[in-house]
Amino acid sequence: WGQVFILDALSRYKAADAREAENIVERVTPRLQHANCAVVLSAVKMILQQMELITSTDVVRNLCKKMAPPLVTLLSAEPEIQYVALRNINLIVQRRPTILAHEIKVFFCKYNDPIYVKMEKLEIMIKLASDRNIDQVLLEFKEYATEVDVDFVRKAVRAIGRCAIKLERAAERCISVLLELIKIKVNYVVQEAIIVIKDIFRRYPNTYESIIATLCESLDTLDEPEAKASMIWIIGEYAERIDNADELLESFLESFPEEPAQVQLQLLTATVKLFLKKPTEGPQQMIQVVLNNATVETDNPDLRDRAYIYWRLLSTDPEAAKDVVLAEKPVISDDSNQLDPSLLDELLANIATLSSVYHKPPEAFVTRVKTTASRTDDEDYPNGSEQGYSDAPTHVADEGASPQTSSSNAPYAATRQPAPPPAAPVSPPVPDLLGDLIGLDNSAAIVPADQAAASPVPALPVVLPASTGQGLQIGAELTRQDGQVFYSMLFENNTQTPLDGFMIQFNKNTFGLAAGGALQVPQLQPGTSGRTLLPMVLFQNMSAGPPSSLLQVAVKNNQQPVWYFNDKISLHVLFTEDGRMERGSFLETWRSLPDSNEVLKDLPGVVVSNVEATLDLLAASNMFFIAKRKNANQDVFYFSAKIPPGVPFLIELTTVIGNPGVKCAIKTPNPDIASLFFEAIETLLKA
């Protein structure tokens with residue numbers, strides 16, 4: 001571990017010149033022979049970083065030769081280490097393919113390799129494929145295409161197509177192999193081959209169209225949307241070369257209403273192409289049927305819009321339609337090096353870490369939030385004027401990684417200038433040290449029920465007591481984290497039997513809240529509890545009728561009946577992070593909304609005694625301070641907020657500091673739901 005840390009530190013060091021870089025690399029090169037895989041990968045990372053500064057091609061060539069054997073040796077370890085090594089090698093060969101250019105055989109799949117290792121080896125073989133080794137590679141891919149694992153076979157067939165797109169000289173050999181595979185008549189092999197041949201036609205137009213007849217023989221076996229769409233594209237694109245193109249398309253048109261959107265879109269375009277290329281009676285009738293189906297019989301807006309555009313083009317200017325629909329298409333390119341260069345640089349700097357396995361930068365999966373909030377006053381505001389204080393940053397909100405952070409602890413929206421740290425920051429809640437160390441959210445952790453109360457995580461309101469749930473108790477609350485709404489839930493098993501197979505469903509509601517994924521709760525042994533964060537989506541499950549903040553929920557498991565309970569939507573969790581408005585924009589929006597869109601309510605039990613603390617609290621819930629003015633002895637505060645999909649809420653709070661009573665006014669384009677938010681604002685002000 002000591003060597004790993006030293007090597008990682010060295011990899012961040014920027015050498016002054018090429019000579020210093022060579023000296024550093026010379027001292028580190030012996031680490032490539034180390035028995036520990038982590039040391040080897042850290043040494044590789046460090047050498048790759050320093051090689052960017054080395055100008056001598058001989059030195060670079062020698063280093064590439066030295067790095068190959070240790071990387072190959074990693075592939076003789078157990079499968080899990082092989083997988084990590086392969087994910088790292090995948091990145092390395094994108095930057096320095098010469099390192100392993102002569103070692104492609106070590107990436108050939110063995111019969112007993114786990115599927116995840118095989119898939120990674122395939123990716124690397126495509127990246128290392130060249131005119132020199134393509135015959136060997138194609139033999140391997142052809143062999144893999146006869147394996148029993150369907151996913152692996154599909155990937156192997158697709159790999160042949162990707163090699164054809166990558167290597168122009170080898171394209172004909174790749175197509176020959178694909179045609180041999182089509183003749184095997186294995187359904188999923190045929191369908192995958194047609195998908196990749198469509199891409200080959202895009203890459204090499206007017207070159208290999210002679211094989212279309214062979215493809216048409218397999219028309220009846222197609223049942224997967226992508227394969228159907230590919231075949232239809234081929235028929236439409238080369239309709240003038242296929243004598244019975246109209247008959248072939250007609251066979252698909254019979255089932256047009258039942259086809260997936262992907263197939264319907266291709267059918268629509270292919271039929272228009274056929275009509276433009278062969279404007280005879282048959283295609284003319286077909287185009288009428290298709291346009292009618294796509295405009296009248298469908299509820300898919302994409303399909304309907306495209307059909308209307310084609311209809312207008314054909315009816316007003318057929319020549320313009322030809323220019324649009326039959327325009328020359330850009331040639332597609334090889335996508336095997338699909339990572340963006342700047343992302344690749346960042347991932348190579350993180351070799352031998354989780355980042356290089358996920359192929360994502362660390363900030364994409366490790367939460368370390370430090371953001372600032374600022375407040376401003378305005379002299380020109382809806383109901384009067386008073387000079388305010390200037391833009392001034394307030395304290396930094398330092399978020400922990402614990403997933404149970406409530407919406408009131410959400411980070412502030414970032415502002416123009418960083419704020420200095422506070423003199424006396426508020427002590428954060430006790431962090432989940434393990435989760436914080438490795439960036440996990442421990443979203444379904446199990447704890448004994450008798451320890452649940454001692455947990456540092458805030459308790460959740462009980463929505464299903466144990467007395468009602470035959471020993472199962474559920475606590476739940478909507479929260480907002482990192483711009484996403486979650487349903488935070490705590491399940492306590494007070495029965496005598498294990499409970500598993502938990503599922504959840506939400507009734508239709510005003511804001512269309514619905515589960516954004518499956519409920520992830522592990523098996524609960526008697527006397528234990530489990531927490532989980534369920535991602536939620538909005539406006540998927542809308543109810544008619546008057547607006548309500550009621551959320552009706554049903555939960556079931558494998559051992560008990562379905563439990564129904566009601567929860568109240570904490571509406572402030574709907575406020576989004578992009579709710580801050582510029583002062584001019586706020587004023588303009590306020591004036592543009594009619595007075596009938598303003599809803600008023602008195603909040604008699606609320607006392608604002610500390611303005612700074614109140615503004616901090618509201619900003620943490622995405623209610624952003626805009627300005628303040630004086631009205632006699634009262635202070636008037638203005639805030640902006642937004643709820644999806646971008647509906648602005650303009651909020652005016654009028655109060656006498658330190659005295660009970662706040663008058664709240666909300667102006668919004670949707671005043672019907674505005675009254676529901678008074679309770680949420682009152683809850684925040686009382687917190």
Side-chain angles (χ1 to χ4, degrees), residues 32 40-41 44-45 47-48 51 57 60-77 79 81-110 113-145 147 152-175 177-178 196 199-200 203 333-341 343-345 347-348 351 356-357 359:
L32 294 172
V40 171
L41 277 176
V44 167
K45 168 170 67 177
I47 292 170
L48 282 170
M51 277 171 72
T57 51
V60 169
R61 193 183 309 114
N62 286 333
L63 286 173
C64 288
K65 282 181 185 174
K66 286 179 182 176
M67 278 193 281
L71 289 172
V72 169
T73 305
L74 292 177
L75 299 182
S76 58
I81 289 180
Q82 278 189 57
Y83 178 73
V84 172
L86 287 165
R87 292 292 280 175
N88 281 275
I89 288 169
N90 193 326
L91 298 173
I92 293 165
V93 297
Q94 289 184 50
R95 176 54 52 83
R96 303 270 180 189
T98 52
I99 293 176
L100 293 161
H102 302 291
E103 306 288 349
I104 196 164
K105 283 189 177 179
V106 301
F107 299 105
F108 289 176
C109 299
K110 299 173 187 160
D113 278 341
I115 185 66
Y116 55 88
V117 169
K118 286 181 174 178
M119 294 293 202
E120 276 307 307
K121 284 184 172 179
L122 269 182
E123 278 294 326
I124 294 168
M125 285 167 69
I126 296 166
K127 288 180 170 65
L128 293 177
S130 63
D131 291 326
R132 192 177 60 256
N133 59 29
I134 189 65
D135 290 325
Q136 281 179 301
V137 171
L138 284 177
L139 277 173
E140 279 294 305
F141 287 166
K142 187 178 175 184
E143 187 72 28
Y144 302 158
E147 296 259 350
F152 182 53
V153 170
R154 287 179 185 279
K155 183 110 175 175
V157 175
R158 201 157 281 210
I160 297 170
R162 284 172 64 182
C163 285
I165 291 167
K166 179 182 177 185
L167 305 168
E168 187 169 353
R169 289 189 206 163
E172 197 164 339
R173 279 171 283 174
C174 295
I175 287 174
V177 173
L178 289 169
V196 298
D199 290 336
I200 293 171
R203 176 72 177 85
S333 57
D334 166 40
D335 70 338
S336 43
N337 290 341
Q338 63 271 43
L339 288 178
D340 181 79
L343 175 60
L344 182 60
D345 287 339
L347 295 180
L348 286 169
I351 279 179
S356 66
V357 179
H359 286 190

*Name all residues meeting the side chain to side chain donor-acceptor pair (under 3.5 Å) criterion together with Asp199; count only those two or more places apart in sequence or in a different chain, and write none if there are none.*
none
*asked:* For Leu91, is there any backbone N or O sitting under 3.5 Å from a side-chain donor or acceptor partner on Lys127?
replied: no
*For Val72, which residues count as a side-chain contact (heavy atoms from CB on, under 4.5 Å) partner, sequence neighbours excluded?*
Leu100, Glu103, Val106
*Who passes side chain to side chain donor-acceptor pair (under 3.5 Å) against Lys155, sequence neighbours left out?*
Glu123
*asked:* To check you understand the geometry: which heavy-atom pair defines the closest contact between Gln82 and Asp113, and what is its length?
replied: OE1-OD1, 4.3 Å
*Knowing that exactly one of Val44, Ile92, Val40 qualifies, which makes a side-chain contact (heavy atoms from CB on, under 4.5 Å) with Met67?*
Val44
*Kindly compute the distance separating CZ (Arg61) from CG (Leu63), expressed to the nearest 0.5 Å.*
11.0 Å
*Can you sort out the partners of Arg95 under salt bridge (Lys or Arg N to Asp or Glu O under 4.0 Å), two or more places apart, ordered by chain and number?*
Glu52, Asp345
*Who are the ring-ring contact (aromatic ring centres under 6.0 Å, His included) partners of Tyr116, not counting sequence neighbours?*
Tyr83
*Rounded to the nearest 0.5 Å, how far apart are CE of Met51 and CD1 of Ile99?*
5.5 Å
*asked:* Suppose we screen for side-chain contact (heavy atoms from CB on, under 4.5 Å). Which residues come up paired with Leu343, at least two apart in sequence or across chains?
replied: Leu339, Asp340, Leu347, Pro361
*Go through the structure and list residues passing salt bridge (Lys or Arg N to Asp or Glu O under 4.0 Å) with Lys142, not counting sequence neighbours.*
Glu180
_Over all atoms of both residues, closest heavy-atom pair of Pro79 and Pro114_ = CB-CG, 3.6 Å
*For the pair Asn133 (side chain) and Leu128 (backbone), establish whether a donor and an acceptor sit closer than 3.5 Å, ignoring hydrogens and angles.*
yes
*What are the two closest non-hydrogen atoms of Val196 and Gly161, and how far apart are they?*
CB-CA, 3.9 Å
*asked:* According to salt bridge (Lys or Arg N to Asp or Glu O under 4.0 Å), who are the partners of Glu143, at least two apart in sequence or on a separate chain?
replied: none
*May I ask you to test the Ile89-Leu75 pair for a side-chain heavy-atom distance under 4.5 Å?*
yes
_Non-neighbouring partners of Tyr144 that pass side chain to side chain donor-acceptor pair (under 3.5 Å), sequence neighbours left out_ = Glu140
*asked:* Return the SG to CZ distance between Cys174 and Arg162, rounded to the nearest 0.5 Å.
replied: 12.5 Å
*asked:* Would you compute the distance between atom CG of Leu122 and atom CZ of Phe152 and round it to the nearest 0.5 angstrom?
replied: 4.5 Å
*asked:* Rounded at 0.5 Å granularity, tell me how far CG in Leu138 sits from CE in Met125.
replied: 9.5 Å
*Partner residues of Arg132 under the salt bridge (Lys or Arg N to Asp or Glu O under 4.0 Å) criterion, sequence neighbours left out*: none
*Nearest non-hydrogen partners of Ile134 and Cys163, listed with the distance*: CD1-CB, 4.0 Å
*Donor-acceptor pair, Lys121 side chain versus Cys109 backbone, under 3.5 Å?*
no
*Measuring from Arg173:CZ to Ile160:CD1, what's the distance to the nearest 0.5 Å?*
13.5 Å
